[in-house]
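Data block below; observations after.
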2 protein chains.
Amino acid sequence: MSVDRERILAEASDLLVTEGPHALTMRALARRLGVTAPALYRHFESRERIVVDLVGEAFDTFARYLYRALEGRTPAERFSLTGRNYLAYALEHPRYYELLHASHNLIGVEQLHPEAQQCACAVGQFIVDRVREAMDAGMLKPGDPESVARTIWAHSHGLITIYLRGLLRTDEAGFRRLFLESTWQLMEGIAEPAFAEAMRAEAAAAAADEAGAPPDGVGRPLPVEVGEAPR
Amino acid sequence: MSVDRERILAEASDLLVTEGPHALTMRALARRLGVTAPALYRHFESRERIVVDLVGEAFDTFARYLYRALEGRTPAERFSLTGRNYLAYALEHPRYYELLHASHNLIGVEQLHPEAQQCACAVGQFIVDRVREAMDAGMLKPGDPESVARTIWAHSHGLITIYLRGLLRTDEAGFRRLFLESTWQLMEGIAEPAFAEAMRAEAAAAAADEAGAPPDGVGRPLPVEVGEAPR
DNA sequence: GTCTATAATCCGATAGAC
DNA sequence: GTCTATCGGATTATAGAC
């Protein structure tokens, strides 16, 4: 049998997240792939290189998801898309998401620090920027953008972490509704009433999907365009 | 030199959290303690037993911190104390806090599952109960206690995680203020105005401590007793 | 590009002297 | 209660045949 770089990384991330770092050995990895250990050295020069590349790809993918939010044409759209894409990344690449936050335990600080520290800062700044322009557009209550961004980030990250650890007894669809509902509770405090109301409507619509989803609810539009109205 | 159980556990937790599970070896642990590896087997029958006991103690300590909130005499006090004690545990035992959430990667599901799963459920139920009685007392807006408790838990956990990972450029004192400020932003949405106002005052008082703390600000009283007034 | 065989290292744990 | 010495096994990584 033959393997390629992608299959190795995929199997390695699964091994790493589901059974822990000690379980990611060249032998175990090769066994899963149907080859022997030395074959892996044709694709990676060492075990550590596999882990480093894995974490690097997790960061890259994360940045790609997040920056896609810049396709939104209004501050409200970009703000909303940022939250959606953050959640989408966590749910579509759960092992990467865990890897991102466990990376400091997996590899030495010097291995990825330049890129990772920079990426972590960039992510923080990205969210702050989306919050700031949402404030300027009158969508969020006035305040310190950095502080509000931290609050939003912490809430999303905490909720996702708890879910991925299996501490919420619900499936992915249930968690998506739960995430919207919880985010709305948070927005009630930091968003202007008009936008909070729109988020409430979105959460209600999502709840409606639960009991007999209307078949045209596929491409439900973004919550509002309230970001352009005032100013 | 001689070692005791406590020194071993303390050094082991440090090794585990700061350098990862692979770094916790009997040899490395013994070296840090100034003894040789076989000496450790006088106190623990195996390496795994060290990890299991460590996680167990992290859970026990956590429960002790949390249940102390029951000393509050009013729903408002118990609600407030729950949040304070949760934060106190995380800041006074940061390695235990990380251990708690990494435990599923450290030991087999069967080793601690009875106690851990039960403790995790108990903690969740404890917070839900405090939220429910705070709602009944008119301190929080009416709603689903489980949903609101999840939101509060997620926010606190997320913020603490981000801080412990060193992603917030601030010291512990700065983080305490930051935590209060962020919690207030959240409370603005889920608490009744009277209590939200009290939390705002508390956050402002904490901010005042920043620039020239008044020397009598030591035992600042609990935010309010608003929980007993309405009904 | 994968195999077998193997070198070198590190691990957990035990035996027995002191 | 700690030490030295050691067993048995696992690991990463390499050498060389095919």
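Throughout, protein chains are lettered first and strands after them, A, B, ... in sequence-line order, and every chain is numbered starting at 1.
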Rounding to an integer number of Å, can you tell me how far [X] [atom1] sits from [N] [atom2]?
| X | N | atom1 | atom2 | answer |
| --- | --- | --- | --- | --- |
| B:Arg27 | C:dT9 | CZ | P | 14 Å |
| A:His22 | C:dG12 | NE2 | P | 12 Å |
| A:Met26 | D:dT14 | CE | C1' | 12 Å |
| B:Leu29 | C:dC10 | CG | C1' | 16 Å |
| A:Ile8 | C:dG1 | CD1 | P | 11 Å |
| A:Arg31 | C:dC3 | CZ | P | 13 Å |
| B:Arg47 | C:dC10 | CZ | P | 17 Å |

Query raised in the report: Counting side-chain heavy atoms from CB outward, which of D:dT2, D:dA13, C:dT2 is closest to B:Ser2?
Result: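 The closest nucleotide is D:dT2.
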Query raised in the report: If you check the B:Val35 side chain, which of D:dT2, C:dG12, C:dT4 turns out closest?
Result: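 Looking only at side-chain atoms, B:Val35 lies closest to D:dT2.
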Query - Side chain B:Ser80, main chain B:Glu77, donor-acceptor under 3.5 Å - result: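 No: the side chain of B:Ser80 does not pair with the backbone of B:Glu77.
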Query raised in the report: Looking at the rings of B:Phe62 and B:Tyr96, which for Trp means the six-membered one, are their centres under 6.0 Å apart?
Result: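 No; B:Tyr96 has its ring centre 6.0 Å or more from that of B:Phe62.
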Requested in this report: Can you run down the ring pair (Phe, Tyr, Trp, His ring centres under 6.0 Å) pairs that involve residues 154-173 of chain B, sequence neighbours left out, and say none if there aren't any?
Outcome: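 Qualifying pairs: B:Tyr97-B:His157, B:His101-B:His157, B:Tyr163-B:Phe175.
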Query raised in the report: Looking only at heavy atoms, what is the nearest atom pair of A:Phe126 and A:Ala69, with distance?
Result: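 That closest heavy-atom pairing would be CZ-CB, 4.2 Å.
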**Report entry** N-O pairing of A:Arg64 and A:Asp60 below 4.0 Å
**Finding:**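 Between A:Asp60 and A:Arg64 there is no salt bridge, as every charged N stays at least 4.0 Å from the carboxylate O atoms.
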Report task. Go through B:Arg132 and B:Asp129 one step at a time and tell me if the salt bridge (Lys or Arg N to Asp or Glu O under 4.0 Å) criterion holds. Result -> CA-CA 5 Å; B:Arg132 181 178 285 114; B:Asp129 289 344; 3.4 Å; yes
Query raised in the report: OP1, OP2 of D:dC3 versus side-chain N and O of B:Thr36: anything below 4.0 Å?
Result: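 Result: yes.
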**Report entry** Strand contacts (DNA chain D) in residues 38-46 of chain A, 4.0 angstrom heavy-atom criterion
**Finding:**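 Close to the strand are A:Pro38, A:Tyr41, A:Ser46.
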